[in-house]
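Heads up: the structure comes next, in structure tokens.
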Protein chains: 2
Amino acid sequence: MTNKRNALLPSLREACSNCSLKELCLPIGLSDTEMALLDDVIRQGHKLKRGDYLFRSGDAFKSLFAVRTGFFKTSVSSQDGREQVTGFHMSGELMGLDGIADSVYGCDAMALEDSEVCELPFGRMESLGREIPSLQHHFFRLMSREIVHDQGLMLLLGNMKAEERLAAFLLNLSQRLAYRGFAANDFILRMSREQIGSFLGLKLETVSRTLSKFHQQGWISVDHKHIQLLAVSELKALISPCAHS
Amino acid sequence: MTNKRNALLPSLREACSNCSLKELCLPIGLSDTEMALLDDVIRQGHKLKRGDYLFRSGDAFKSLFAVRTGFFKTSVSSQDGREQVTGFHMSGELMGLDGIADSVYGCDAMALEDSEVCELPFGRMESLGREIPSLQHHFFRLMSREIVHDQGLMLLLGNMKAEERLAAFLLNLSQRLAYRGFAANDFILRMSREQIGSFLGLKLETVSRTLSKFHQQGWISVDHKHIQLLAVSELKALISPCAHS
DNA sequence: CGGGTCTTTGAAGATAGTCAATTTAGGTGG
DNA sequence: CCACCTAAATTGACTATCTTCAAAGACCCG
């Protein structure tokens with residue numbers, strides 16, 4: 001991985017101030033000065049190939065990472081080897097927040113396709129937060145959002161049936177893709193059935209069967225990793241039986 | 001709830017600097033000056049009766065709360081009314097971190113016995129964090145710890161069988177009680193079987209049956225809410241089959 | 001002491017898991 | 001470019017686990 005960065009002539013492409021994702025990553029309303037401080041701290045251009053680990057559980061924590069392009073999964077494992085996928089991460093999303101607690105990453109982060117990330121050295125971000133209150137607040141909000149998100153997953157894992165979990169999963173993916181300007185109802189799954197299963201607390205066979213069931217109902221089209229949502233309202237009805245739309 | 005506080009003569013009992021829980025709540029190594037600043041911001045003496053809500057999902061978020069005495073549960077609910085208990089909280093533990101994201105609490109927090117909490121107005125804590133770096137770092141660590149904790153729960157909910165969940169639950173309770181100077185192997189459950197079930201993604205009958213099974217095996221003693229752990233190593237073996245001790 | 005809640009326990013049923021066989025896809029190298 | 005090979009996915013049959021439904025018993029608070 002060559003270091004293309006040049007302190008005197010930073011490429012325009014390689015700066016937060018110029019990044020198309022900054023609305024996703026950063027608090028709105030930073031001044032030019034503040035943005036320049038950020039550009040100075042954040043390191044861009046880390047490239048990973050499919051299957052590469054960005055970090056592993058137990059690695060020394062120094063930085064957070066934001067997905068610039070590509071797709072990641074994070075997962076935790078028990079002593080006896082059982083793996084739980086804790087999340088899938090696409091552009092603009094942050095990974096590594098679990099590492100702050102003990103200065104050691106608490107999960108594995110793996111690229112599911114060739115990807116690029118920005119590195120946010122946490123110590124320097126923390127200092128910067130003291131100078132830029134809105135940045136500090138932004139980080140608290142990001143971490144809080146992660147907690148809220150995890151609570152939603154616990155609800156899913158603790159209370160929902162296989163069909164409900166799959167529907168929630170597909171709708172969540174759809175929504176996040178749409179928010180990034182991709183088609184909401186026609187996408188390629190970046191992960192295997194097994195990884196979906198691990199995320200949803202199901203076995204891969206159950207994932208496959210449930211997708212087939214949705215397909216037979218005409219609610220979605222499944223062509224291997226290519227998914228089309230054909231009846232979004234039916235899927236939504238699965239999750240919250242009352243609220244029709 | 002009467003306000004016993006007096007700015008000129010703050011009771012010694014009612015101050016972080018004098019609190020027996022400060023090692024649990026606060027970063028170590030605060031100077032007297034810094035401690036005084038904290039004492040000025042943190043409001044103590046909120047009392048709740050069993051069954052009272054500290055906050056409800058959707059309430060405007062202004063403060064975090066630390067348990068001083070008593071016992072709480074937090075829970076989230078889906079639109080159609082399914083409840084997932086997301087945690088049980090005892091002295092020194094913080095609640096409300098999920099509220100930062102959207103300035104609205106994301107869960108309900110309810111006292112399971114008569115309790116007392118300290119209120120940490122978040123805005124003022126945030127400012128104080130900018131002046132006391134170790135305090136800022138402490139808050140990041142607290143939030144990160146919550147994320148790590150939630151990941152562990154996802155592993156439990158996604159991968160474990162009923163017996164493993166119960167064993168993990170009992171051992172976790174035991175450990176936290178021991179850390180606070182209570183008996184590790186002899187305690188009273190503050191929550192109902194249904195609440196345990198909701199937390200562990202099980203039905204109350206399954207919780208009851210599994211406790212009975214442990215009892216029959218001689219691993220624990222169950223007398224309603226009074227639990228004694230008789231064979232901790234057996235319970236540990238349930239969770240991580242490899243690691244004997 | 002009494003009503004209501006919580007708990008225990010049993011029996012039957014449903015959901016998802018396990019095991020296994022087959023098909024398909026995608027990557028590699030001739 | 002094609003053939004092969006491995007990994008992933010689908011599907012079926014069977015089983016285990018947990019849930020549901022039901023009834024009886026125990027406790028606690030007023």
Side-chain angles (χ1 to χ4, degrees), chain A residues 49-52 71 73 80-85 110 112-114 156-170 188-217 220-227 238, chain B residues 49-52 71 73 81-85 110-114 156-170 188-217 220-227 238:
Chain A
K49 289 217 182 311
R50 177 180 161 177
D52 287 349
F71 202 81
K73 71 157 195 196
D80 52 321
R82 284 178 287 195
E83 185 192 36
Q84 172 75 30
V85 172
M110 186 204 220
L112 294 183
E113 59 181 4
D114 293 357
L156 180 144
L157 290 169
N159 283 293
M160 292 187 168
K161 296 196 191 310
E163 294 192 3
E164 299 172 314
R165 297 185 196 195
L166 234 325
F169 171 72
L170 293 172
I188 306 292
L189 295 176
R190 256 62 217 222
M191 70 297 281
S192 70
R193 301 289 192 263
E194 185 167 22
Q195 289 163 349
I196 297 173
S198 171
F199 181 59
L200 298 177
L202 301 170
K203 294 297 165 187
L204 68 104
E205 294 95 328
T206 307
V207 173
S208 183
R209 266 187 259 273
T210 308
L211 285 175
S212 299
K213 197 182 294 178
F214 286 175
H215 185 74
Q216 279 164 22
Q217 308 249 27
I220 68 176
S221 139
V222 183
D223 178 24
H224 306 100
K225 307 233 171 203
H226 180 198
I227 302 283
L238 262 187
Chain B
K49 289 218 182 309
R50 177 179 162 176
D52 286 350
F71 202 80
K73 71 158 196 192
R82 283 178 286 195
E83 184 191 37
Q84 171 76 30
V85 172
M110 184 203 223
L112 294 184
E113 58 181 4
D114 293 358
L156 182 144
L157 290 169
N159 283 295
M160 291 188 168
K161 296 196 190 306
E163 295 193 2
E164 301 173 313
R165 297 185 196 194
L166 234 326
F169 171 73
L170 292 173
I188 305 293
L189 295 176
R190 257 61 216 223
M191 70 296 280
S192 69
R193 302 289 192 263
E194 184 167 24
Q195 289 162 348
I196 297 174
S198 172
F199 181 59
L200 297 176
L202 301 169
K203 295 298 164 186
L204 68 103
E205 295 95 328
T206 307
V207 173
S208 181
R209 264 188 261 273
T210 308
L211 286 176
S212 299
K213 198 183 293 179
F214 287 174
H215 185 72
Q216 280 163 21
Q217 309 249 26
I220 68 175
S221 138
V222 183
D223 177 24
H224 306 102
K225 307 235 170 203
H226 179 200
I227 302 282
L238 262 187

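In the text below, chain A, chain B and the rest are named by the order of the sequence lines, each starting its count at 1. All values below come from the heavy atoms of this structure, side chains included, with hydrogens, waters and symmetry mates left out. Just so it is clear, the structure is predicted and the values come from calculations on it, not from any experiment.
Contact check on B:Arg82 versus A:Glu164 returns a salt bridge, with a Lys/Arg side-chain nitrogen under 4.0 Å from an Asp/Glu carboxylate oxygen. Between A:Lys73 and A:Glu83 a salt bridge is recorded (basic side-chain N to carboxylate O distance below 4.0 Å). Of the charged side-chain nitrogens involved, none lies within less than 4.0 Å of a carboxylate oxygen, so that B:Arg50 and B:Glu113 do not count as a salt-bridged pair.
Between the CZ atom of A:Arg193 and the P atom of C:dG26 there is a distance of 11 Å, rounded to whole Å. A straight line from CG of A:Leu211 to C1' of D:dA8 spans 13 Å, rounded to a whole angstrom. Here the C1' atom of nucleotide C:dT15 and the CG atom of A:Leu166 are 15 Å apart, to the nearest Å. Rounded to an integer number of Å, the gap from A:Glu113 CD to C:dG26 P is 15 Å. Rounded to whole Å, atom P of C:dA16 lies 13 Å from atom CG of A:Asn159. For the pair B:His215 NE2 and C:dT8 P, the interatomic distance rounds to 10 Å; values are reported in whole Å. Following rounding to the nearest Å, B:Leu204 (CG) and C:dC6 (C1') show an atom-to-atom distance of 9 Å. Between the CZ atom of A:Arg165 and the C1' atom of C:dA16 there is a distance of 9 Å, given to the nearest Å.
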Revision key, fill the gap. Each nucleotide of nucleotides 12-25 of chain D classed B (base within 4.0 Å of a protein heavy atom), S (only sugar-phosphate) or -, in 5' to 3' order, makes BB----SBBB----
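A sub-4.0 Å separation between OP1 or OP2 of C:dA25 and a side-chain N or O of A:His224 is present. At the phosphate of C:dC6, neither OP1 nor OP2 sits under 4.0 Å from any side-chain N or O atom of B:Ser208. Distances shorter than 4.0 Å separate none of the side-chain N or O atoms of B:Ser192 from OP1 or OP2 on C:dT5.
Side-chain contact between B:Leu238 and B:Phe214 is present, with at least one heavy-atom pair separated by less than 4.5 Å. The closest side-chain heavy-atom distance from A:Ser221 to A:His226 is not below 4.5 Å.
Closest non-hydrogen pair, A:Gln84 versus A:Phe199, comes out as NE2-O, 3.3 Å.
Checking each of B:Thr210, B:Val207, B:Leu202, B:Asn159 against B:Arg165 for a side chain to side chain contact (heavy atoms under 4.5 Å, CB included) leaves exactly one that passes, namely B:Leu202.
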